[in-house]
Amino acid sequence: MRRIGKVLRSALILFCIHAGSALAGIQASVDRQEVPQDESVSLKITRTGDSDRPLNPRFEAPDFEIVNQFQNSQFSSVYINGKFENRSEESVTFILRPLKVGALRIRNISNSGEKASDITVQVVQEQLNRKQVSGDGGGLKGDAKNFFVRGEVNTSRVYKGEQVIVSFFLYRRTRAQVRDVLQYPSFQGFIREDLEMPILSNRPDFEAVSLGGVPMERALLARYAIYPIKEGKLKVDGFAVKVDYVPKNPATDEMLEDPVFQFFTQVTPRSGSSRSDPILIDVQPLPEDGKGPLFTGGVGDFEVSAQLDSNRIQAHSPLNFKVSVKGKGNTSLVEFPKVNWPKGLRLYESQGKSKSLGQGLSEKVFEVVVIPEVAGATEIPPVEFEFFSPESRTYVRRKTAAIPIQVAPGDPSQAPVVQRSGGEASERVDPVSASGSPGYGTIRERDKSSEGFGGQPWWRLVAWAGLLMFFFFAGMVVWDQTKKRSLARLEVLKRKQSADRLWSDLSDAALKAVTPQDTGKVLEQLKEEVYKSLDEGFGLSSRALPKRELARILTEQHAFRNEDWQTLDTLFDTAERVRFSSQTGDPGISGERVKDLVDSVRKICSGIPRKSMEIQA
């Protein structure tokens, strides 16, 4: 056993020596295996572990040009199995620009006898890698050199009611991310349908494009399907966002290319904004030539279908008949298709329900209750639907097939109660005698046989009992409301006292604040009280609104004074600045200034009506 233990110990020592030598070796990698010819690739050569030899790697890359290089080293301590282990890593990164297209090789990567594997990079032409987008990308100025928002439509000349797809993209030539939405576009004169809204997830997906020959990246912010409801030149307002970005390297004019520039500028990102240009849509009236009497307002490309729940039924029994209009376009403007109903059918039509199917498709379903009154063979006639097709610029008519029905004799006295869809009042289908007049004799006999206690009809006794119960419950409600009103007034008084204590505590805390952390807590609590006052006073979700949108709603819709908003804006900015200073060690602002801010905000919040209190009182 001792001999086996010595063998295992020796093997473990040899393994550790081999592992240590492996850690001390070099490794080489590139940031991507495929790159366009007009962009660059980063070659990173790394050595992990302690070594007395300097890291001065060499390699052969005749098909690349070395644009730049930089060196980095880091040291870390890791706690493993009850011990601290020290690890060091050195690296040298080379920025290489390809000189031609093809499979280009980086070989003979070495450093003082240590070697790494060769690397092959696939270089492709720019037009094969980037989506071509029409437009002028060469005359950009200001922030637009780094990023801008652009609105695009599939067509700018349409007919009234025709579908238009509007897409808003963020184009960038450097690292840029959306911080906030300053304004969503308005669609006056259009019916709007949201198709895609990546901006709500705040994680847009960028793709490589070429805008007029200029390499860029773009990400979809929002996409809508809109339908003009009036004629003329209609305008779609711009989409405005606030963006955090790192400016392009002014020396090389590179897009996301230079890691050295990125390293020194990533700690100081800038903020900017961009608004897309308005889009004009020329809406033409629908042509009168070819318009038939069956046209009900559909513009697009639709299919019509009909369905009956049964083909065999007894007379005076209901059948459910559904008509569906589905396709590309807005079906909310479509009315029920015209049908030449045969005699002997009683009908109850619905208004129809429209729903979006996504991607610009929609469907509207009409339901009709059909009651055959005559036994024998009949049919539901074809449903004809006419719409205008913008692609062919003609009116198209489509129809369903006729549906045969076999009606067996039925009992007229078993007339159903029909409940119309959409919550409309039910309508009684009265039994019909052989002569076609209502069967009053049957109703009288039923009334006579329904006499109740004391010779009085049951319905009269039930009516009196219901009236007594009504007065009883009405009295209970009045008493309960009186009690609740008294309790509500007491609750309002308690809340006012609690609010006074809260403001007093905030003022004291502001004066006692010593560190930026203490000041930050006071300002955050003050912000929460402001949000609570705005939400209860004006029915807003103020925390979810961008600051500029909140200012617009308060000043334009609720007659909020500009001076008061400037005070709230100062509070929000001060809270952000103090929160940042608490992380960097900056002393922040004095407690006296915070107390003055508390007093100013208290006056503003006191003037905001609390709707919840008023309703309870």
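- In this structure a side-chain-to-backbone donor-acceptor pair under 3.5 Å is present from K364 to V334.
- Side-chain atoms of S274 come within 3.5 Å of backbone N or O of V149 as a donor-acceptor pair.
- Using the six-membered ring where Trp is involved, Y531 and F572 have ring planes that are parallel, under 30° apart on the 30 and 60° scheme.
- A side-chain N or O of S356 and one of E193 form a donor-acceptor pair less than 3.5 Å apart.
- The distance from atom CZ of F560 to atom OG1 of T555, rounded to the nearest 0.5 Å, is 9.5 Å.
- In this structure, C605 and V530 have side chains that are in contact, with non-hydrogen atoms separated by less than 4.5 Å.
- A donor-acceptor contact under 3.5 angstrom links the side chains of S389 and S392, judged on distance only.
- At least one donor-acceptor pair closer than 3.5 Å links the side chain of D31 to the backbone N or O of S42.
- Interatomic distance, N68 CG to I95 CD1, rounded to the nearest 0.5 Å: 6.5 Å.
- At a threshold of 4.0 Å, the pair E196-R223 counts as salt-bridged, since one of the basic side-chain nitrogens sits closer than that to a carboxylate oxygen.
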| task | Show your reasoning for whether side chain to side chain donor-acceptor pair (under 3.5 Å) applies to Y395 and E386. | result | CA-CA 7 Å; Y395 289 91; E386 184 176 294; over 6 Å; no
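- A distance-only check finds no donor-acceptor pair linking the side chain of S273 to the backbone of V241 [under 3.5 Å].
- The local environment of NZ in K291 is crowded, with over 12 non-hydrogen atoms from other residues, nucleotides or ligands closer than 6.0 Å.
- Using modelled atom types, one side-chain atom of T155 and one backbone atom of R157 make a donor-acceptor pair closer than 3.5 Å.
- Taking CG of L200 as the reference point, atom CE of M197 lies at 4.5 Å (rounded to 0.5 Å).
- Taking the centre of each ring, F239 and Y184 come in below the 6.0 Å mark.
- The main-chain N or O of S156 is never found under 3.5 Å from a side-chain atom of D282 such that the two would form a donor-acceptor pair.
- A pairwise comparison of heavy atoms in D564 and I604 identifies O-CD1, 3.5 Å as the closest pair.
- Looking only at distances, no side-chain donor or acceptor of T331 sits under 3.5 Å from a matching main-chain atom of G327.
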| task | Kindly indicate, with the supporting measurements, whether the criterion salt bridge (charged side-chain N to carboxylate O under 4.0 Å, His left out) is fulfilled by K527 and E529. | result | CA-CA 5 Å; K527 282 175 56 180; E529 185 63 24; over 6 Å; no
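- Geometrically, R218 engages F169 in a cation-pi contact defined by less than 6.0 Å to the ring centre and at most 45° from the axis.
- For the pair R172 and F206, the distance from NZ or CZ to the six-membered ring centre is under 6.0 Å and the angle to the ring normal is within 45 degrees.
- No side-chain heavy atom of S276 sits less than 4.5 Å from a side-chain heavy atom of F148.
- The main-chain N or O of S271 is never found under 3.5 Å from a side-chain atom of D244 such that the two would form a donor-acceptor pair.
- Taking all atoms of both residues into account, the shortest heavy-atom contact from P185 to F168 is CG-CE1, 3.7 Å.
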| said: With salt bridge (charged side-chain N to carboxylate O under 4.0 Å, His left out) as the criterion, how do E549 and R552 come out once you've worked through the C-alpha distance, each side chain's angles and the decisive distance to 0.1 Å? | reply: CA-CA 5 Å; E549 182 69 12; R552 185 187 65 81; 2.6 Å; yes
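- For E335, the side chain to side chain donor-acceptor pair (under 3.5 Å) test picks out no residue, with sequence neighbours left out.
- Separation of the Y171 and F147 ring centroids does not fall under the 6.0 Å cut-off.
- The closest side-chain donor-acceptor pair between N146 and T174, if any, does not fall under 3.5 angstrom.
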| request: List the steps and the verdict of ring-ring contact (aromatic ring centres under 6.0 Å, His included) for Y227 and F190. | output: CA-CA 5 Å; Y227 306 89; F190 296 91; 9.4 Å; no
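- Checking side-chain atoms of E162 against main-chain N and O of Y159 turns up a donor-acceptor pair under 3.5 Å.
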| field | R398/D301 under salt bridge (charged side-chain N to carboxylate O under 4.0 Å, His left out): CA gap, chis, key distance, verdict | value | CA-CA 11 Å; R398 289 174 181 164; D301 187 11; 3.2 Å; yes
